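Worksheet: the structure to be examined is printed underneath.
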Amino acid sequence: MTNQPLKAIVAVKRVIDYNVKVRVKADRSDVDLSNTKMSMNPFCEIAVEEAVRLKEAGIVDDILVVSIGPKSCQEQIRSALALGADRGLQVECNTPVSPLDVARILQNIQQEENADIFLLGKQSIDADNNQTGQMLAALLDCPQATCASHVQIENKKAVITREVDGGLLTVEMPLPAVITTDLRLNEPRFAALPKIMQAKRKPLVVKTLSDLAIELTNDIELISVDTPIQRQAGTMLKSVDELMLALRSSTQIQMPKHDEEA
Amino acid sequence: MKTLIIAEHNQHALKAETLVTLGAAQQLGQPIDLFIAGHDIAQLGQDASSISGIDRVLTWDNEALTLPFSETLAPVIASLRSQYSHILLATSSFGKDLAPRIAALCNVNAVSDVIEIISPNQYKRPIYAGNAIATVKNNATCQVLTIRTSAFTSPNHNPTASPAQIQALSIELPMPSVNFVKQTLSESNRPELSGADIIVSGGRAIGSESNFSIIYDLADKLGAAVGASRAAVDAGYIANDLQVGQTGKVVAPSVYIAIGISGAIQHLAGMKDSKVIVAINNDPDAPIFSVADYGLVADLFEAVPAMTADL
Ligand SMILES: Cc1cc2nc3c(=O)[nH]c(=O)nc-3n(C[C@H](O)[C@H](O)[C@H](O)COP(=O)(O)OP(=O)(O)OC[C@H]3O[C@@H](n4cnc5c(N)ncnc54)[C@H](O)[C@@H]3O)c2cc1C
Ligand SMILES: Nc1ncnc2c1ncn2[C@@H]1O[C@H](COP(=O)(O)O)[C@@H](O)[C@H]1O
């Protein structure tokens with residue numbers, strides 16, 4: 001059986017940079033993202049990197065990067081193109097999209113694209129949902145491999161190692177399949193300047209929700225956003241003895257004592 | 001309406017996560033059914049039927065369900081949706097994998113990582129690595145929720161006088177699309193991270209897999225579970241499932257001892273609800289000290305063995 005080159009779709013989300021601590025708006029309506037540094041969701045960077053590696057290995061020959069959001073998310077699409085993706089698609093949407101909406105949009109795109117592999121981040125670091133990949137797989141009625149730490153594609157099959165509670169689980173599945181990336185799948189590269197320049201000439205298509213005949217769901221309503229109760233810094237102790245004394249006297253738990261045991 | 005809990009178990013007993021999810025489900029104030037899929041689970045179903053607070057136990061027993069995949073479970077669970085207003089799972093790797101797949105088949109969004117149930121359709125959940133708490137209202141007729149287990153407690157065990165009804169589902173297993181290849185479980189006699197009373201966690205500064213023995217020695221004297229930062233896991237010092245943080249396990253023990261961990265927001269997201277936080281770091285400016293109840297500026301290679309020796 002010959003290995004036909006495969007098509008991959010990578011979904012990337014523009015989010016607050018992971019180094020930035022978010023502020024809650026004074027009116028508690030949401031977080032304040034004005035003048036905040038935005039970046040590609042770290043798990044999406046890992047997804048792009050994996051797709052590019054599959055391309056370099058000759059397994060994939062076409063990588064479409066999709067981002068759903070306002071015009072500014074073209075910045076993240078361009079970075080993915082600079083890293084080695086071939087084509088970009090921005091689905092214009094100026095209101096927040098839910099995981100189900102993203103999944104429905106990707107399902108819709110799949111009707112035209114017929115991709116073999118979907119690579120998504122396991123979680124977006126702003127909404128912390130960890131839902132979209134699983135939802136897309138459900139809508140496409142295809143297998144899902146979440147939290148992947150190793151991906152091997154062979155003969156239209158994927159062998160994926162997943163990070164799960166208790167250790168690692170390796171599964172095999174036919175394509176098309178949805179893979180969501182965990183932190184240890186790879187280490188994303190940085191784009192070289194010439195590639196950044198080249199990326200400006202790669203195709204980037206913009207579609208609207210009405211082009212795709214998608215109406216957003218609105219089952220989950222955001223009522224308010226609060227700052228969590230902040231912990232106060234406690235006492236700095238000078239020695240191990242002081243620390244053990246503090247632990248023994250302040251905590252409910254039994255701290256065994258060396259002397260008593262002997 | 002009723003609530004359905006999707007059980008996690010090891011074929012012999014329900015996992016602690018499922019019992020905590022039951023504790024959360026009780027706050028919804030409606031009858032609760034428990035769905036158990038597995039192989040040879042008759043006894044497990046019997047045992048579950050005597051847990052107070054459970055109205056009905058649904059079992060789906062099939063050899064192929066020894067390690068059930070979401071691809072198989074989701075359509076079956078989604079087909080029960082007309083009976084349930086709420087479907088609850090724990091925020092575990094099983095729950096996170098399965099819940100969205102069920103939700104999508106029910107054409108709804110799921111609410112991930114619920115930390116507080118305000119009313120049967122309003123919840124609190126952390127966003128931005130726990131740096132903000134969102135209150136959300138779920139208007140869906142069928143609500144799929146995952147429950148952050150460190151934020152709820154399991155109900156007191158008092159076996160019921162009248163065991164719950166057990167209903168064995170006879171459902172034909174569709175051709176599985178996913179095949180099991182292998183599983184590598186990290187063996188340990190130490191307490192599990194989630195649910196542990198004391199956790200000793202090591203970071204990048206531990207320096208090597210063999211150096212981690214000083215963490216294990218302290219943990220064993222304390223009867224504690226062991227955790228780690230992402231940097232320690234990435235460096236291969238310790239197994240991935242022991243990572244604490246935004247993208248690892250979220251824990252809230254009585255005592256959390258962070259050793260050689262700087263305190264990045266992603267790490268804090270996983271442990272800042274611990275009752276007492278202890279930090280040992282040789283950098284007095286390490287951010288971990290800003291959340292620690294007790295801080296010690298010291299070289300961990302001296303301080304930790306000294307603590308162990310004192311126990
Ligand atoms: C998307 C994303 C998700 C992430 N998720 C997680 C997560 O779930 N969990 C997580 O932990 N991280 C996570 N991270 C990584 C996080 O940002 C930090 O990089 C990581 O927590 C750092 O680990 P560390 O504190 O062990 O290492 P470092 O930051 O390198 O800190 C080491 C500390 O040890 C101290 N030290 C050095 N030598 C000694 C000594 N001899 N004695 C005492 N102290 C010493 C140093 O002063 C320093 O403070 C995530 C990052 C990203 C981008
Ligand atoms: N607006 C979006 N545009 C493109 N991809 C997205 C978007 N939202 C979520 N995703 C994808 O879904 C993954 C998981 O997101 P979530 O389910 O929100 O945690 C992300 O890492 C992306 O790969």
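Treat the numbers as computed from the prediction; the structure is a model and nothing was measured. Throughout, a chain's letter reflects where its sequence line sits, starting with A, and its residues are numbered from 1.
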Worksheet entry | B/Arg125 side chain vs A/Ala127 backbone, donor-acceptor pair below 3.5 Å | yes

Worksheet item: Where on A/Val171 is there a heavy atom nearer than 4.5 Å to chain B: the side chain, the backbone, both, or neither?
Response: both

Item to complete: Flag the one option from B/Ser274, B/Ala74, B/Ala279 with the top tally of heavy-atom pairs under 4.5 Å to chain A.
Response: B/Ser274

Practice prompt. Give the minimum heavy-atom separation between B/Ser177 and A/Pro174, together with the two atoms involved.
Written response: O-CD, 3.0 Å

Practice prompt. Output the distance between atom OG1 (B/Thr141) and atom CG (A/Asp219), rounded to the nearest 0.5 Å.
Written response: 9.0 Å

Practice prompt. Select, from B/Gln246, B/Met307, B/Lys272, the one with the greatest count of heavy-atom pairs under 4.5 Å involving chain A.
Written response: B/Gln246

Item to complete: Heavy-atom distances under 4.5 Å only: say whether A/Asp30 touches chain B with side chain, backbone, both or neither.
Response: neither

Worksheet item: Would A/Gln131 and B/Ser112 count as having a side-chain donor-acceptor pair, cut-off 3.5 Å?
Response: yes

Discussion item. Using salt bridge (Lys or Arg N to Asp or Glu O under 4.0 Å), reason through B/Lys249 and A/Asp165 one step at a time and then give a plain yes or no.
Written reply: CA-CA 9 Å; B/Lys249 296 253 160 62; A/Asp165 291 345; 3.7 Å; yes

Worksheet item: For chain B, which of A/Met236, A/Arg28, A/Lys122, A/Lys157 has the most heavy-atom pairs under 4.5 Å?
Response: A/Met236

Fill in: Which portion of B/Asn109 sits near chain A, non-hydrogen atoms under 4.5 angstrom
both

Worksheet item: Step by step, would you call A/Arg248 with B/Asp310 a salt bridge (Lys or Arg N to Asp or Glu O under 4.0 Å)?
Response: CA-CA 11 Å; A/Arg248 288 199 168 97; B/Asp310 188 60; 2.8 Å; yes

Worksheet entry | Interface residue of largest heavy-atom contact number with chain B, from A/Gln232, A/Met173, A/Glu163, A/Glu242, under 4.5 Å | A/Glu163

Discussion item. Main chain of A/Gln144, side chain of B/Glu71: is a donor-acceptor contact present, judged purely on distance under 3.5 Å?
Written reply: yes

Worksheet item: Quick one: what part of B/Ala292 sits under 4.5 Å from any heavy atom of chain A, side chain, backbone, both or neither?
Response: backbone

Discussion item. Measuring only between side-chain heavy atoms, which start at C-beta, is A/Arg231 closer than 4.5 Å to B/Asp293?
Written reply: yes

Item to complete: Against chain A, label B/Phe69 side chain, backbone, both or neither, depending on which of its atoms sit under 4.5 Å from a heavy atom there.
Response: side chain

Worksheet item: Is it the backbone or the side chain of A/Ala103 that comes under 4.5 Å from a heavy atom of chain B, or both, or neither?
Response: neither

Worksheet entry | chain A contact via B/Ile102 - which portion, at a heavy-atom distance below 4.5 Å | neither

Fill in: Spacing of CG belonging to A/Leu183 relative to CG belonging to B/Asn240, to within rounding of 0.5 Å
10.5 Å

Fill in: Max heavy-atom pair count under 4.5 Å with chain A, selected residue of B/Asp234, B/Val178, B/Asp97, B/Leu296
B/Asp97

Worksheet item: Which residue out of B/Arg230, B/Lys275, B/Gln183 racks up the most heavy-atom pairs below 4.5 Å with chain A?
Response: B/Arg230

Item to complete: Just give me the residue among B/Leu242, B/Asn179, B/Asn121, B/Val278 that pairs up with chain A most often, heavy atom to heavy atom, under 4.5 Å.
Response: B/Asn179

Item to complete: Identify which part of B/Ala239 has an atom lying under 4.5 Å from any heavy atom of chain A, answering side chain, backbone, both or neither.
Response: neither

Worksheet item: Where does A/Val102 contact chain B at under 4.5 Å (heavy atoms): side chain, backbone, both or neither?
Response: neither

Practice prompt. Enter the distance from B/Lys137:NZ to A/Ser224:OG here, rounded to the nearest 0.5 Å.
Written response: 13.0 Å

Discussion item. What I'd like to find out is whether the side chain of B/Asn107 reaches to under 4.5 Å of the side chain of A/Leu100, using heavy atoms alone.
Written reply: yes

Practice prompt. Measure B/Ile133 against the heavy atoms of chain A and call it side chain, backbone, both or neither at under 4.5 Å.
Written response: both

Practice prompt. Nearest 0.5 Å please: distance from the OG1 atom of A/Thr227 over to the CG atom of B/Asn131.
Written response: 9.0 Å

Item to complete: Against chain B, work out which of A/Gln230, A/Glu187, A/Arg162 has the most heavy-atom pairs shorter than 4.5 Å and name it.
Response: A/Arg162

Item to complete: Take A/Met244 and B/Leu311, measure what side-chain contact (heavy atoms from CB on, under 4.5 Å) needs, and give me the verdict at the end.
Response: CA-CA 9 Å; A/Met244 295 308 281; B/Leu311 291 165; 3.5 Å; yes

Discussion item. Does A/Gln107 have more than 12 heavy atoms from other residues, nucleotides or ligands lying within 6.0 Å of its CD?
Written reply: yes

Worksheet item: So B/Phe94 and A/Val164, side-chain contact (heavy atoms from CB on, under 4.5 Å) or not? Walk me through it.
Response: CA-CA 8 Å; B/Phe94 173 83; A/Val164 295; over 6 Å; no

Worksheet item: For B/Gln266, is it the side chain, the backbone, both or neither that has a heavy atom under 4.5 Å from a heavy atom of chain A?
Response: side chain

Response to the item:
Given A/Ile220, A/Ile16, A/Thr217, the one with more heavy-atom pairs under 4.5 angstrom with chain B than any other is A/Ile220

Worksheet entry | Closest heavy-atom pair and its distance - B/Phe289, A/Ala233 | O-CB, 3.6 Å

Item to complete: List the steps and the verdict of side-chain contact (heavy atoms from CB on, under 4.5 Å) for A/Leu169 and B/Leu67.
Response: CA-CA 11 Å; A/Leu169 173 65; B/Leu67 197 141; 4.2 Å; yes

Worksheet entry | Selection from B/Gly248, B/Ser290, B/Ala134 maximising heavy-atom pairs under 4.5 Å formed with chain A | B/Ser290

Response to the item:
Cut-off 4.5 Å, heavy atoms of chain A, and the answer for B/Ser186 is both

Worksheet item: Side chain of A/Asp128, backbone of B/Ile127: donor and acceptor closer than 3.5 Å?
Response: no

Worksheet item: Would you say B/Tyr128 and A/Val31 make side-chain contact, with heavy atoms under 4.5 Å?
Response: yes

Discussion item. Using a 4.5 angstrom heavy-atom cutoff, name the option from A/Asn130, A/Thr146, A/Thr235, A/Leu243 with the most pairs to chain B.
Written reply: A/Thr235

Worksheet item: Given the rule in the side chain to side chain donor-acceptor pair (under 3.5 Å) test, do A/Glu221 and B/Asn139 qualify, once you have shown the distances and angles that lead to the verdict?
Response: CA-CA 8 Å; A/Glu221 238 178 277; B/Asn139 297 312; 2.8 Å; yes

Discussion item. Which atoms of A/Tyr18 are under 4.5 Å from chain B, going by heavy atoms: the side chain, the backbone, both sets, or neither?
Written reply: both

Worksheet item: Can you find a pair of side-chain heavy atoms, one from B/Arg101 and one from A/Met135, that are under 4.5 Å apart?
Response: no

Worksheet item: Given that the side chain runs from C-beta out, which part of A/Glu172 has a heavy atom under 4.5 Å from chain B: side chain, backbone, both or neither?
Response: both

Response to the item:
Under 4.5 Å to a heavy atom of chain A? For B/Glu302 that would be neither

Worksheet item: Is it the side chain or the backbone of A/Ser239 that comes within 4.5 Å of chain B heavy atoms, both, or neither?
Response: backbone

Discussion item. So for B/Leu268, is it side chain, backbone, both, or neither that comes closer than 4.5 Å to the heavy atoms of chain A?
Written reply: neither

Worksheet item: Backbone N or O of B/Val181 within a donor-acceptor pair of the A/Thr170 side chain at under 3.5 Å?
Response: no

